[in-house]
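Below, read A as the first sequence line, B as the second, and so on, with proteins coming before strands; counting in each chain starts at 1. Both backbone and side-chain heavy atoms feed into the values below; hydrogens, waters and symmetry mates do not.
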2 protein chains.
Amino acid sequence: MTSTDPTPRPAVRPTRQRRAVAAALAGFDDFRSAQEIHDLISRQGESVGLATVYRTLATLADAGEVDMLRNEDGEAIWRSCSDTHHHHLVCRTCGATVEVEGPAVERWTSAIATEHGYGDISHTLEIFGTCPACR
Amino acid sequence: MTSTDPTPRPAVRPTRQRRAVAAALAGFDDFRSAQEIHDLISRQGESVGLATVYRTLATLADAGEVDMLRNEDGEAIWRSCSDTHHHHLVCRTCGATVEVEGPAVERWTSAIATEHGYGDISHTLEIFGTCPACR
DNA sequence: AACATCGTGAGAATCGTTCTCATGTCGTCC
DNA sequence: GGACGACATGAGAACGATTCTCACGATGTT
Ligand SMILES: [Mn+2]
Ligand SMILES: [Mn+2]
Ligand SMILES: [Zn+2]
Ligand SMILES: [Zn+2]
């Protein structure tokens, strides 16, 4: 009783621009803004419109291939990530990022939510600090 | 060996505008944007400039009297809060908010940070869901 | 009352992000 | 390989939240 493909997605075409964004993402470990990523690409000689960078990042984020979070100024920052649920420990100074997991925290959030009658839960959790290299 | 006042703050003057913002904040429990708060004030017959609303909210946030967080669109939203460290369980539909505390989570975040050599830690944690009234 | 300082507001300016739409590219079927 | 419909791109305009400017008002202190 295997169900048929439930989502006949329009199919994402492999374009030069998308490859450029993917390549840029592969080149750093910390979180970068769309504009920084756009600059990185330009500096590598390629040309990709800023709007396309935004569109591509949004697509990748939907697909769960990149994480997007907001810095203290509210700007969206992005980086490629593993495909499992996780959170981040981010250096406030240099941006160095560690992916962290915490089953206990996951359990706690859903317990709290249930306790108050909330359903359909999601959560955001980011830890900021100063990394060993920046102390 | 009591030290002298380390911070001779300029003293915040009690103005009509600041009272209006405080009164507006007292009128709701959920998170609202600066513009919504500005509208609330106007609707109550008073007139306070939008820039002043922003300035007052920022001051109150610095003083720890209001919480500011960002919704999924990155907009800053605000509400008055208790003076102890806490997090929020927010209804995605109506905004109903519950303040929650979790000593275990606090311990976990600092443990994780220490484990990776990070210092001077802070963190953000928000839980979103659908409240009982909205299910 | 006079003065120094702080607060306010209207509108301009910022700036990240999204939208428009004419044009380019991809995949597919002949 | 040419034709075609769908998807993708980019330049610039448009948007929208937030901040800045600066002339003017309010506060509190002597
Ligand atoms: Mn989690
Ligand atoms: Mn906490
Ligand atoms: Zn660092
Ligand atoms: Zn609700």
Can you tell me if [X] touches the phosphate of [N], counting only side-chain N or O atoms and a distance under 4.0 Å to OP1 or OP2?
| X | N | result |
| --- | --- | --- |
| B/Arg16 | C/dG9 | yes |
| B/Tyr54 | D/dT19 | no |
| A/Thr15 | D/dT9 | yes |
| A/Gln17 | D/dA8 | no |

Is any N or O donor-acceptor pair between the side chain of B/Arg55 and the base of C/dG9 shorter than 3.5 Å?
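For B/Arg55, whose side chain was compared with the base of C/dG9, there is a donor-acceptor pair (under 3.5 Å).
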
So does B/Arg13 reach the base of C/dT5 with its side chain, donor to acceptor, closer than 3.5 Å?
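Per atom types, the contact qualifies.
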
[X] [atom1] to [N] [atom2], straight-line distance once rounded to whole Å:
| X | N | atom1 | atom2 | value |
| --- | --- | --- | --- | --- |
| A/Arg32 | C/dG16 | CZ | P | 16 Å |
| A/Asp73 | C/dT14 | CG | C1' | 13 Å |
| B/Gln35 | D/dT19 | CD | C1' | 13 Å |
| B/Leu69 | D/dA17 | CG | P | 16 Å |
| B/Glu75 | D/dC15 | CD | P | 17 Å |
| A/Asn71 | C/dC15 | CG | P | 14 Å |
| B/Glu72 | D/dA17 | CD | P | 16 Å |
| A/Leu50 | D/dA11 | CG | P | 10 Å |

Would you mind reporting whether A/Ile112 and A/His116 have side-chain heavy atoms less than 4.5 Å apart?
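Side-chain contact under 4.5 Å: yes.
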
Side chains of B/Arg16 and B/Arg18: closer than 4.5 Å at any heavy-atom pair?
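Of all side-chain heavy-atom pairs linking B/Arg18 with B/Arg16, none is under 4.5 Å.
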
Please work out if A/Ser47 contacts a base, only the sugar-phosphate, or nothing of the nucleic acid, heavy-atom cut-off 4.0 Å.
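The answer is sugar-phosphate, as A/Ser47 gets under 4.0 Å only of primed atoms, P, OP1 or OP2.
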
Sugar-phosphate, base or nothing in reach of A/Arg18, heavy atoms under 4.0 Å:
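Result for A/Arg18 = sugar-phosphate.
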
Both B/Arg19 and B/Arg70 contact DNA chain D. Which one's nearest nucleotide lies toward the 5' end?
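That would be B/Arg70.
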
List the steps, then state whether side chain to side chain contact (heavy atoms under 4.5 Å, CB included) holds for A/His123 with A/His87.
CA-CA 10 Å; A/His123 60 267; A/His87 298 281; 3.2 Å; yes

How far apart are the closest heavy atoms of A/His88 and A/Val100, and which atoms are they?
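What the structure gives for the nearest pair is N-CG2, 4.1 Å.
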
Does a donor on one side chain sit under 3.5 Å from an acceptor on the other, for A/Glu99 and A/Ser82?
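Yes.
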
